[in-house]
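Below you'll find the structure, written out as structure tokens, and then a few comments.
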Amino acid sequence: MILSGRHSQSIAAELAERLDEPLAPVAFDRFPDGELMASIGDVTPADGERAIVVASTPSSDAHIELLQLQDAAHEAGYGEVITVVPYLGYARQDQAFEQGEPVSVRAVARAISTGADRVLTIDPHEEDVCDFFDPPATPISAAARLAEPLPEDLIDPLFLSPDAGAIDLAETVREAAGTGTVDYFEKTRHSGSDVEISPSDTSVDGRDIVVVDDIIATGSTMSEALTILQERGANRVFVTCIHPLLAGNAVTKLSRAGVDTVYGTDTLERPCSAVSAAPVVADALADQL
Ligand code: R5P
């Protein structure tokens, strides 16, 4: 049985089809005092049946609903609860960067651990975050899927990571596309929305560029990279990421910076979610059985 979180309807439906498992009639409600209620409906598990909770956590409410779904699954008597977190919120807060700060993703992981027998998450910012979970937690990658929506007529393509952290993702997308070269820029972050990009020497003049990152949040990283690419005479610039969070004015920021098309996966459901990460989740679940 698949139990879908509020922000993971499409990926859960696709996963249900691939695994040939039913979707529970999950319902979401809010009490007058603001408290949430995610319920899984009138389900009767067979002996030892597993429940697969599929819930991205882009908001604090989503974290609570995930915990509620896990708890409801235990309450209903499922033999095993596998939690798939397509987009794990707080994953970038994986250290106490300053005195007095929490390791927020560790706190989140500990809470999820109380109700999960296994955890899978897609392209977390750093794979090490999986060590914060008590049950076995596996990072899986949907990066190869990002090549799928790209046009077939790319001109001398360069797959570019806007900072050193996403080089492997760029390399994976290039491999899946079967053509092009890989490079990366250097990034200095001054604040949550203020970043400085130092370009490499690679020529981009007249080339199609595919910029690859794990997440677009405020769009600052991508728009800085786009501005440099435009100044240096790039042809078309495609922006692709695993998690299209696209907070605030990120979409217009990218548009103003001259992007041709933005692509993401359905770890977060956005108009640009051109490709599903469900196949890699289905494969990972099959491998673990
Ligand atoms: C950070 O290292 C990540 O890989 C992304 O580059 C970053 O989180 C994107 O954030 P924003 O869109 O706010 O620049």
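Here, residue 1 is the first one in the sequence, and each next residue gets the next number. Atoms within a ligand are numbered from 1 in the order they appear, just like the ligands themselves.
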Sequence neighbours left out, what passes salt bridge (charged side-chain N to carboxylate O under 4.0 Å, His left out) with Asp117? Give chain and number order.
none

Sub-3.5 Å donor-acceptor pair from the side chain of Asp33 to the main-chain atoms of Glu35, do we have one?
yes

With a 4.0 Å heavy-atom cut-off, what residues sit around ligand 1?
Arg92, His125, Asp163, Lys187, Arg189, Asp213, Asp214, Ile215, Ile216, Ala217, Thr218, Gly219, Ser220, Thr221

Salt bridge Asp153-Arg236, side-chain N to carboxylate O under 4.0 Å:
yes

Looking at Arg106 and Phe132, would you say the former's side chain and the latter's main chain have a donor-acceptor pair under 3.5 Å?
no

Any ion pair linking Lys187 and Glu224 (charged N to carboxylate O, less than 4.0 Å)?
no

With a distance cut-off below 6.0 Å to the six-membered ring centre and an angular limit of 45° from the axis, does Arg6 pair with Phe28 as a cation-pi contact?
yes

